[in-house]
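Notes follow once the structure below has been shown.
In each ligand, atom 1 is the first atom listed, and ligand 1 is the first ligand listed. No experiment lies behind these values; they were computed from the predicted model shown. No hydrogens, no waters, no symmetry mates; every other heavy atom, side chains included, goes into these values.
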Amino acid sequence: MNHTSYIEISKSAYKKNIQFLRQEVDEQTTISAVVKGNAYGHGIEHIVPIAEAAGVRHFSTFSADEALRVFEASSKKSEIMIMGMLENSDLEELIRKGISFFVFEFDRLEKTIQAAKSTGIKAKIHIEVETGFHRTGFEWAEREKLLEILRENESHLYLAGLCTHYAGAESVSNYVRVREQIKKYHQFKDWFTEKGMSFERYHTACSAATFSYPETIMDMVRIGIASYGFWPTMETYMYKFKSLPENNKNPLKRLISWKSSIMSLKKVKMGDFIGYGSSYMAPRDMTIALVPIGYSHGYSRLLSNQGKVLIAGKIVSVVGTVTMNSIAVDITDLKNVKKGDEVVLIGKQKKNEITVASFGESTQQVNYELLTRLPMDIPRKVVK
Ligand SMILES: *Cc1c(COP(=O)(O)O)cnc(C)c1O
């Protein structure tokens, strides 16, 4: 092992998640796999082939660099869509590669038309409309001007989508706001239709909206967190729970396990302090195992004296502070543990499991943040 830890990614778990999601949407609905944030920390280059093997043919990224990585990793000519950042200087390359992107302001629209003219290829665009998220999107008041430009440039633009994004479909506290957004979106949609303008796909739903507001499903859903085996929030799961079949109350399977191994063992006398400072004094004679992962690897300092890991199938505790490169864990009560034994930081070992959620709770991070903070340089390994 050249690295101090590695991440396993389960191919079969991803497939099960997509199968479950397929049942949740209509037959003709496209599932776009959202792979922003380096595929939620899993690695774009790993997820794209896994997703394609599970039948996915549409990917969504935040930025142009991610889209180009998907393009390289795809062997099935899947569609690729950028939902956020790109530079004007990227436009011609994106158009040539057939990569579509959100357009939410006139400046980008004009630059897109110019690039389509100079390449002689239609640019595939998704018009994003402002419905209440207040981040990006054309305003209602801008619709006439927008329509006019779209009409004038019909020969340079392919209208791939009309879209918006919800401001928190994962919590009932945003219910009124999301309902308003759905209404606003339909005002835009109906207005364009009345004017005789149609789009290839109408799409608004993320994971939470797909589960909690099924009327938002339409032609395509943009699924991130659920495809990686996580409910957007506990609340979304609770909402969905009743309608799940008795024999499948836990349909989303996590892909990730994070593993390391024991670097060395040490005996500590009662009264000795472990690690930096005095946050942990041994309450008895102890054996500790040193594990070579620390906050530089994404194992938060907040897990000092809090974290749990699995060794020999048992849950054991982090003692003392998490340092840059290592943690100490209490293995006093385990028998036959030796240097080199597997340590599970996230995932299963025998009958026990450390979930990302339980890990996240003690560090106050949501699943999304925790996953995407797993450093890119920890090697990822695809397993069955
Ligand atoms: C991130 C994102 C999604 C996916 O959200 P999940 O909650 O992970 O399913 C969908 N649409 C847009 C615009 C996004 O930025």
Could you tell me if Tyr295 and Ser300 have a donor-acceptor pair between their side chains, going purely by distance under 3.5 Å? no
Residue pairs fulfilling ring pair (Phe, Tyr, Trp, His ring centres under 6.0 Å) with at least one residue in residues 113-132, sequence neighbours excluded: Phe102-His126, His126-His203
Could you pull out the N/O contacts under 3.5 angstrom between ligand 1 and the surrounding protein atoms?
| residue | atom | partner | partner atom | Å |
| --- | --- | --- | --- | --- |
| ligand 1 | 7 (O) | Tyr368 | OH | 2.8 |
| ligand 1 | 8 (O) | Tyr40 | OH | 2.5 |
| ligand 1 | 8 (O) | Ile225 | N | 2.8 |
| ligand 1 | 9 (O) | Ser207 | N | 2.9 |
| ligand 1 | 9 (O) | Ser207 | OG | 2.5 |
| ligand 1 | 9 (O) | Gly224 | N | 2.9 |
| ligand 1 | 11 (N) | His165 | ND1 | 3.4 |
| ligand 1 | 11 (N) | Arg222 | NE | 2.9 |
| ligand 1 | 11 (N) | Arg222 | NH2 | 3.3 |
| ligand 1 | 15 (O) | Lys36 | NZ | 2.6 |

Trp231/Phe211 aromatic ring centres below 6.0 Å: yes
Apart from Met286 itself, its cluster of hydrophobic side chains linked below 4.5 Å comprises Val268, Ile274, Tyr280, Ile288, Val319
Set of side-chain hydrogen bond (donor to acceptor under 3.5 Å, both in side chains) partners for Ser212, sequence neighbours left out: none
Looking only at side-chain N and O atoms, does Arg201 offer a donor or acceptor that is under 3.5 Å from a partner on Thr30? yes
